[in-house]
Participant: 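Encoded as structure tokens, here's the structure I'll be asking about.
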2 protein chains.
Amino acid sequence: MSTVGKALELLELFTPARGQIGLSDLARLAGLNKATCFRLVSDLCAHGLVEQIAASRDYRLGPALLRLAALREALVPTRTAALPVLQALADATGETAHLSILEGGSLRSLARAYSAAHATRVTLEDVSILPFHATASGLAVLAFQDEVARAAVLAAPLPRLTPQTETDPATLRQRLEAVRRSGIASGTGGFDAEVESLAVPLFDALGRCSGGLAVAAMASRMTPAQQALIRAELIRAGRAITTLWGGTPPAAVSLAWQAAD
Amino acid sequence: MSTVGKALELLELFTPARGQIGLSDLARLAGLNKATCFRLVSDLCAHGLVEQIAASRDYRLGPALLRLAALREALVPTRTAALPVLQALADATGETAHLSILEGGSLRSLARAYSAAHATRVTLEDVSILPFHATASGLAVLAFQDEVARAAVLAAPLPRLTPQTETDPATLRQRLEAVRRSGIASGTGGFDAEVESLAVPLFDALGRCSGGLAVAAMASRMTPAQQALIRAELIRAGRAITTLWGGTPPAAVSLAWQAAD
DNA sequence: CAGTTTGGTTCATTATTTGAACCGATGGTT
DNA sequence: AACCATCGGTTCAAATAATGAACCAAACTG
């Protein structure tokens, strides 16, 4: 592995649950020698991607990321552009809306919006990586990847997160086929037993499916009427975000969405 | 220079004006061999910090930055927390408010808020690095750095950006002394001849002055009454952001701000 | 169509990275 | 208080990964 690769992997070690890490822990987590780790993290510090907390001497992600992310958003407003649509979706459905993007082979949470309608809501604050096989977003996105990527995901171990999680690759392939036909995916209790969700794929300027948009509701509230509402709103919002990203849905999806309207 | 350092310097080459860069240009700008540059940028790509545009083969900042920046903001909400205060400041003064943070030895623009009050406004969209000697924010922040950092800035060449730009280190030192006494800095036409601005320093949880907050107005609109209003609002907002950042102003600043109220 | 420049690759040379051992400081535990 | 473990950080010979000139094929440019 290249030295640069090792340094960049250090960045991946920071998660919502683990916001700051000491040098020894960092070395352990990365599987690096402490001295090596120190040099790498020092380099990251020097460029502001990581910073050291004076008091505890722990390291955490640095302020340069804000600037770089702002620069990225100025050029390719992935998040900024989608945010209002996301909130509108949450408002229109009265449920939690959720935007994720494909990055580094995994589907990652990018933003969520809550509705004020209900006191009980699906909170997703701490979910950072969405398993493809167990979430509506995951299925929606996976359905529109090329066969190699899809095969890789289905070949890897598929953990059973709840009793309802589908873990059989063959069955999943059938579901993905259905997603491709309908342009919409559903995940019922696969990730959290009490949560039911629907999701549509999102397409970027390069025609790739690079994200997913989902609405997650408490299973108890998911009446057929509510389902229909969510489907319609999801399709509207999916079209809107795809357009904002400069993309167009594949013809098949466009047709399926039109039919569902 | 470390390999990692070289790779991270590539990130710095992307600016608002230069959002995407081809391999050869990238190598030239970085002063690297093309092959070396290719390997480095490939590593960055592999981790999503940079991505390649399929069509032009140019490179641009990647989507991983969004996730990392969001993670940073979740832990240390520097920008998120300050944004509403910034907008309130713009609204209260009817002018452009501007937040900058110290990062990698330079003062960088982090956010701006515009007032709807006037059709003519100071736009700062493309300013990314603020010269310490020629802006109110720069003086406000520089005044509260330790002597080594301050000496380094004053020893470097101080470009004359307008006829009014003060470039004499000795005179600047006097101004900085005045800023320390009053807790507020002013910059009149030093950066842009027609813009007058006021700024206060901001302090983070570690007691360091790590940012500046400014209000910039067209010089023609800056009446004494308007000046007084801006000063008062700036102090309020400065106190608010410093508190949100978990910091406290040095006693001297606290007193000066109290006296000005 | 000839000349340039592009993104990308190769491979022997070279310079950088690596890690065991070590340091002083800190914080429990007995 | 003596002990032990662990912390962040440093050192330097040995090992490994980075480097860059030369070289492609393809895409522009005149």
Side-chain angles (χ1 to χ4, degrees), chain A residues 1-15 17-63 75-76 104 148 205-208, chain B residues 1-15 17-63 75-76 104 148 205-208:
Chain A
M1 152 104 38
S2 71
T3 315
V4 177
K6 282 176 217 155
L8 298 184
E9 284 200 350
L10 292 181
L11 296 176
E12 310 290 324
L13 298 177
F14 296 93
T15 63
R18 193 157 10 84
Q20 50 188 73
I21 312 180
L23 177 61
S24 293
D25 279 340
L26 207 54
R28 255 190 300 277
L29 289 164
L32 292 172
N33 181 284
K34 192 156 51 99
T36 304
C37 186
F38 175 68
R39 266 180 1 89
L40 298 180
V41 78
S42 296
D43 282 339
L44 292 171
C45 270
H47 287 80
L49 294 180
V50 160
E51 74 178 357
Q52 190 169 27
I53 304 161
S56 68
R57 288 184 156 179
D58 278 3
Y59 296 92
R60 67 179 174 204
L61 293 175
L75 192 70
V76 192
V148 253
L206 293 87
R208 299 170 311 192
Chain B
M1 151 106 37
S2 72
T3 314
V4 177
K6 282 175 216 157
L8 298 184
E9 284 199 351
L10 291 181
L11 296 176
E12 309 290 325
L13 298 177
F14 295 93
T15 63
R18 193 159 7 84
Q20 50 188 72
I21 311 180
L23 177 61
S24 294
D25 279 341
L26 208 54
R28 256 191 300 275
L29 289 165
L32 293 172
N33 181 283
K34 193 157 51 98
T36 303
C37 186
F38 175 68
R39 266 180 1 88
L40 297 180
V41 80
S42 296
D43 282 339
L44 292 172
C45 270
H47 287 79
L49 285 148
V50 160
E51 74 178 357
Q52 189 169 29
I53 304 162
S56 68
R57 289 187 157 179
D58 278 2
Y59 296 92
R60 68 179 173 203
L61 292 175
L75 193 70
V76 191
V148 253
L206 293 87
R208 299 171 310 193

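So you know, we letter chains A, B, ... as the sequences are listed, proteins then strands, and number each from 1.
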Participant: Using the C1' atoms of five pairs at each end, what's the angle between the two axes of the helix from C:dT4-D:dA27 to C:dT30-D:dA1, to 10 degrees?
Facilitator: 30°
Participant: Taking all heavy atoms of A:Lys34 and all of A:Ser24, pick out the closest pair and write down the distance.
Facilitator: CD-OG, 3.6 Å
Participant: Starting at CG of A:Leu26 and ending at P of D:dG9, how long is that distance when rounded to a whole Å?
Facilitator: 11 Å
Participant: Can you see if the side chain of B:Ser24 gets near the phosphate of C:dG7 - specifically, an N or O under 4.0 Å from OP1 or OP2?
Facilitator: yes
Participant: Could you check if a side-chain atom of B:Leu40 sits within less than 4.5 angstrom of a side-chain atom of B:Leu26, using non-hydrogen atoms only?
Facilitator: no
Participant: Between atom CZ in A:Arg28 and atom C1' in D:dG8, what is the gap in whole Å?
Facilitator: 12 Å
Participant: Calculate the interatomic distance between A:Leu23 atom CG and D:dG9 atom P; express it in whole Å.
Facilitator: 6 Å
Participant: Could you encode protein contacts along nucleotides 11-27 of chain C as a string, one character per nucleotide from 5' to 3', using B for base contact, S for sugar-phosphate-only contact and - for no contact, with a heavy-atom cut-off of under 4.0 Å?
Facilitator: -----SSBBB-------
Participant: Give the residues of residues 56-63 of chain A touching DNA chain D, defined as any heavy atom closer than 4.0 Å, sorted by residue number.
Facilitator: A:Arg57, A:Tyr59
Participant: Tell me: CG of A:Asp25 to C1' of D:dG9, nearest whole Å?
Facilitator: 15 Å
Participant: What is the distance from CZ of A:Phe38 to C1' of D:dG8, rounded to the nearest Å?
Facilitator: 8 Å
Participant: I want to check something: taking the side chain as every heavy atom from C-beta on, are A:Arg18 and A:Leu29 in contact at a cut-off of under 4.5 Å?
Facilitator: yes
